[in-house]
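A short worksheet on the structure shown next.
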Amino acid sequence: MTILERLDQPGGRARVFEQDGFTFDAGPTVITAPFLFEELWELCGRRLEDDVDLRAVHPFYRIRFDDGDVFDYSGDADLMRREIRRFSPEDEAGYERFLAMSERIFATGFTRLGHVPFDSAWDMARIVPDMVRLQSQLTVYRLVSKFVRHPKLRQVLSFHPLLVGGNPFATTSIYTLIAYLEREWGVHFPIGGTGALVRGLLGLIDGLGGELRLNAEVTGIVVEEGRARGVKLADGETIEADVVVSNADSAWTYRYLVPASARRRWTDRKLETARYSMGLFVWYFGTRRTYPDVAHHSILLGPRYRELLDDIFGARLAPDFSLYLHRPTATDPSLAPQGMDAFYVLSPVPNLEADVDWTERAEPYRRAIEAHLSDTVLPGLKDEIVTSRVMTPLDFRDELLAFRGAAFSFEPILRQSAWFRPHNRSEEVQGLYLVGAGTHPGAGVPGVLSSARVLDAVVPDPVAGR
Ligand SMILES: Cc1cc2nc3c(=O)[nH]c(=O)nc-3n(C[C@H](O)[C@H](O)[C@H](O)COP(=O)(O)OP(=O)(O)OC[C@H]3O[C@@H](n4cnc5c(N)ncnc54)[C@H](O)[C@@H]3O)c2cc1C
């Protein structure tokens with residue numbers, strides 16, 4: 001097994017930036033479904049807890065509304081009820097019913113279907129009755145609105161699809177399963193940062209005798225008579241293989257790595273007209289002081305909710321924003337020099353379909369975010385910054401080879417889910433398999449791990465010859 005990575009370090013979106021004594025995890029920070037990691041470790045004959053120290057985070061999120069109201073979102077049933085009552089006592093019963101619905105959706109959407117290959121139309125047809133029963137045709141926001149009335153609670157219970165690149169007003173309500181997933185198994189963070197998980201995964205690959213080659217960009221998948229025969233690298237080398245698994249962005253894989261002559265479904269036109277998730281503007285920064293009152297995960301909602309999402313997913317860069325603020329040093333102070341804090345703040349923005357020149361807009365946009373943080377949860381921020389770097393959708397395109405610079409690949413709407421996504425077992429080329437955010441079931445760490453689990457069922461075992 002040879003793993004080819006074009007960057008000079010492993011981890012992809014979860015890679016790590018070390019800078020001026022600070023450790024910045026580049027991407028995923030809300031680690032849910034730890035059982036998927038445990039299972040993966042077990043499959044490799046090891047125990048997760050021997051390699052990674054995962055800590056439960058409380059609250060899951062501190063959600064701050066634009067008027068200063070704060071909602072602590074957690075897995076503690078009593079505390080959650082108290083928070084719901086504080087905003088709207090009459091919504092308490094509806095909230096309980098919403099959670100019960102989320103559990104039912106989880107049982108089908110995650111437990112039963114998250115690991116199904118979905119490579120025939122029949123697989124899709126079979127689940128239609130379940131989808132109708134679970135009201136999957138509704139969006140996340142509409143389903144939530146059936147259970148609670150208060151506008152702020154509707155936001156609190158509907159923002160989750162943004163964590164996997166979806167607009168709560170367009171994403172299928174299947175994604176409300178995240179509420180149950182978090183409630184039941186918690187939100188976690190590894191000591192040492194999410195880089196500790198990446199290092200743990202490298203240990204597993206090593207233990208299996210796999211080889212990781214960095215600075216090795218695949219520029220083409222060799223296809224002969226409809227079958228994958230290997231890959232070509234940027235330096236001209238060709239590596240022969242009977243099985244090729246692409247963890248590159250699946251839209252990019254088909255658009256640029258698989259010859260057009262080998263594609264019938266994922267034509268250039270289909271790829272150009274598909275809908276892609278939003279982009280992200282991420283600012284990583286360290287402060288010379290700590291902000292002990294700031295939670296590990298904060299969400300700072302802006303003045304507009306639906307309208308802002310309309311702008312983001314409608315390819316318009318808005319002057320206002322809603323932010324996610326990460327303070328990993330709340331859980332592991334060793335990620336910053338003593339007495340200092342490491343942060344990143346991310347703002348969902350349009351992907352590169354929008355006419356935005358990030359080479360010019362990045363700094364003014366960063367300054368607007370800095371001013372907003374100074375005015376709200378990080379007073380005096382401007383004078384406290386000791387290190388800083390940003391990532392824009394251009395970096396997602398140019399470093400991670402993300403189609404349209406989308407942070408989460410295809411947008412998770414119903415007509416781009418399950419069978420409608422690029423299949424895990426390529427429908428175009430024999431011997432080619434797809435894994436990661438752009439295939440089934442979708443983006444986010446649990447989705448990506450689940451896609452790997454699907455491959456376990458469909459990739460032939462070279463030893464057993466199945
Ligand atoms: C800022 C941010 C925050 C996030 N927060 C969360 C969160 O809190 N919780 C959560 O669950 N999820 C989160 N996500 C989503 C999650 O990180 C991703 O969905 C997931 O990591 C994607 O994994 P992947 O393997 O599909 O892609 P990647 O991690 O991008 O891996 C693909 C790899 O392939 C390499 N590559 C691409 N093309 C080639 C090529 N041609 N040749 C060689 N190598 C190539 C890339 O360099 C990259 O290393 C977040 C994402 C971002 C960006």
Side-chain angles (χ1 to χ4, degrees), residues 2-15 17 24-34 36-37 57 60-61 160-166 178 181-182 187-189 194 197-198 201 212-221 231-235 239 244-253 255-258 277-284 296-297 299 323-324 326 328 344-349 351 390-393 395-403 405-410 412 422 434-452:
T2 308
I3 297 173
L4 302 163
E5 167 58 60
R6 73 180 295 276
L7 295 176
D8 60 3
Q9 61 164 316
R13 280 155 169 84
R15 66 201 186 286
F17 302 130
F24 297 110
D25 294 322
T29 54
V30 178
I31 302 301
T32 53
L36 290 174
F37 281 108
V57 176
F60 294 169
Y61 316 95
H160 284 94
L162 285 162
L163 300 177
V164 291
I178 299 174
L181 175 74
E182 288 181 345
V187 164
H188 303 266
F189 190 74
T194 50
L197 275 169
V198 175
L201 289 167
L212 169 69
R213 285 177 58 181
L214 298 172
N215 303 303
E217 178 172 342
V218 174
T219 50
I221 294 169
V231 294
K232 273 199 215 108
L233 302 190
D235 66 3
I239 301 178
V244 175
V245 175
S246 178
N247 180 215
D249 180 31
S250 55
W252 193 283
T253 299
R255 182 70 176 77
Y256 300 115
L257 305 185
V258 174
S277 76
M278 77 272 190
L280 293 177
F281 179 92
V282 197
W283 174 33
Y284 309 85
H296 187 134
H297 304 292
I299 292 173
L323 304 172
Y324 158 72
H326 184 221
Y344 88 47
V345 59
L346 77 74
S347 176
V349 293
N351 63 37
V390 298
M391 252 185 99
T392 76
D395 300 305
F396 281 85
R397 184 193 65 191
D398 298 341
E399 291 179 13
L400 295 161
L401 305 188
F403 199 76
F408 305 87
S409 195
F410 290 99
L434 270 55
V435 71
T439 181
H440 175 69
V445 172
V448 169
L449 288 174
S450 297
S451 74

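All values reported here derive from a predicted model rather than from experimental measurement. In each ligand, atom 1 is the first atom listed, and ligand 1 is the first ligand listed.
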Return yes when Phe396 approaches ligand 1 closer than 4.0 angstrom through a heavy atom, no otherwise. yes

of all protein heavy atoms, closest to atom 8 (O) of ligand 1 is Val30 N, 2.8 Å

In terms of ring plane angle, is the pair Tyr256 and Phe403 parallel, tilted or perpendicular, where the classes change at 30° and 60°? tilted

Looking at the rings of Phe24 and Tyr344, which for Trp means the six-membered one, are their centres under 6.0 Å apart? no

Ranked by distance from atom 2 (C) of ligand 1, the top protein heavy atom is Gly27 CA, 3.6 Å

Show which atoms of ligand 1 fall inside a sub-4.0 Å distance from at least one heavy-atom site of Asn247. 24 (P), 25 (O), 26 (O), 31 (O), 32 (C)

Do you know the tightest heavy-atom contact between Gly165 and Pro412? O-CD, 3.5 Å

Can Arg15 and Glu5 be counted as an ion pair, charged N to O under 4.0 angstrom? no

Considering heavy atoms of the protein only, find what lies nearest to atom 6 (C) of ligand 1 and give residue, atom and distance to 0.1 Å. Pro28 CA, 3.2 Å

Taking only non-hydrogen atoms of Gly436 and a 4.0 Å limit, the atoms of ligand 1 in range are 26 (O)

Would you mind listing which atoms of ligand 1 come within a distance below 4.0 Å of any non-hydrogen atom of Ala443? 19 (O)

Below 4.0 angstrom from a heavy atom of Leu280, which ligand 1 atoms are there? Numbered from 1 as shown, please. 1 (C), 2 (C), 52 (C), 53 (C)

With heavy atoms of Ala437 as the reference, note each atom of ligand 1 found under 4.0 Å away. 19 (O), 26 (O)

Just do the side chain to side chain contact (heavy atoms under 4.5 Å, CB included) check on Leu323 and Leu346 with the steps written out, would you? CA-CA 6 Å; Leu323 304 172; Leu346 77 74; over 6 Å; no

Subset of ligand 1 atoms that lie under 4.0 Å from at least one heavy atom of Ala216: 43 (C)

Output yes when a side-chain donor or acceptor of Arg6 lies under 3.5 Å from a complementary backbone atom of Glu399, and no otherwise. yes

Do Val30 and Tyr61 come close enough that some side-chain heavy atom pair is under 4.5 Å? yes

Kindly confirm or rule out an N or O of Ala407 lying under 3.5 angstrom from an N or O of ligand 1. no

Mind checking whether Val218 has an N or O less than 3.5 Å away from an N or O of ligand 1? yes

I'd like to know whether ligand 1 has Trp252 as a neighbour, heavy-atom separation below 4.0 Å. no

What part of Leu401 sits under 4.0 Å from ligand 1 if we count only heavy atoms: the side chain, the backbone, both or neither? side chain

among protein heavy atoms, the one nearest atom 51 (C) of ligand 1 is Phe408 CE2, 3.8 Å

List the closest protein heavy-atom neighbour of atom 38 (N) of ligand 1: residue, atom name, distance to the nearest 0.1 Å. Ala248 CB, 3.4 Å

What's the shortest distance from atom 43 (C) of ligand 1 to any protein heavy atom, and which residue and atom give it? Arg6 N, 3.4 Å

Tell me, with the steps shown, if Met278 and Phe408 meet side chain to side chain contact (heavy atoms under 4.5 Å, CB included). CA-CA 7 Å; Met278 77 272 190; Phe408 305 87; 3.6 Å; yes

Candidate pair Leu197 and Phe189, rule side chain to side chain contact (heavy atoms under 4.5 Å, CB included), full reasoning: CA-CA 10 Å; Leu197 275 169; Phe189 190 74; over 6 Å; no

When distances are taken from atom 33 (C) of ligand 1, the protein heavy atom at minimum range is Glu5 OE1, 3.7 Å

N/O of Val445 under 3.5 Å from N/O of ligand 1, yes or no? yes

Logged contact type for Thr29 with ligand 1, heavy-atom cut-off 4.0 Å, is both

Applying the side-chain contact (heavy atoms from CB on, under 4.5 Å) test to Glu217, which of Leu4, Leu7, Leu401 qualifies? Leu401

Check each atom of ligand 1 against the heavy atoms of Leu4 and keep those under 4.0 Å away; list them by number with element. 43 (C), 44 (N)

Students often mix this up, so state it plainly: with edges at 30° and 60°, are the rings of His326 and His297 parallel, tilted or perpendicular? parallel

Nearest protein heavy-atom contact for atom 20 (C) of ligand 1: which residue, which atom, what distance? Val448 CG2, 3.9 Å

Any side-chain heavy atom of Ile31 sitting closer than 4.5 Å to one from Val187? no

Are any of the N/O atoms on Gly444, whether in the backbone or the side chain, positioned under 3.5 angstrom from an N/O atom of ligand 1? yes

Would you say Pro446 touches ligand 1, if touching means a heavy atom closer than 4.0 Å? yes

Any N or O of Arg13 closer than 3.5 Å to N or O of ligand 1: yes

Can you tell which part of Leu346 has a heavy atom less than 4.0 Å from ligand 1: side chain, backbone, both or neither? side chain

Beyond-backbone contact of Leu280 with Phe396, side-chain heavy atoms, under 4.5 angstrom: yes

Minimum side-chain heavy-atom gap Ser277-Phe410 below 4.5 Å: no

Close N or O approach (Asp249, ligand 1; < 3.5 Å): no

Would you say the side-chain atoms of Thr29 and Tyr324 include a donor-acceptor pair closer than 3.5 Å? yes

Ala26: numbered ligand 1 atoms lying under 4.0 Å from its heavy atoms: 1 (C)

Would you please determine whether Gly438 falls within less than 4.0 Å of ligand 1 on a heavy-atom basis? no

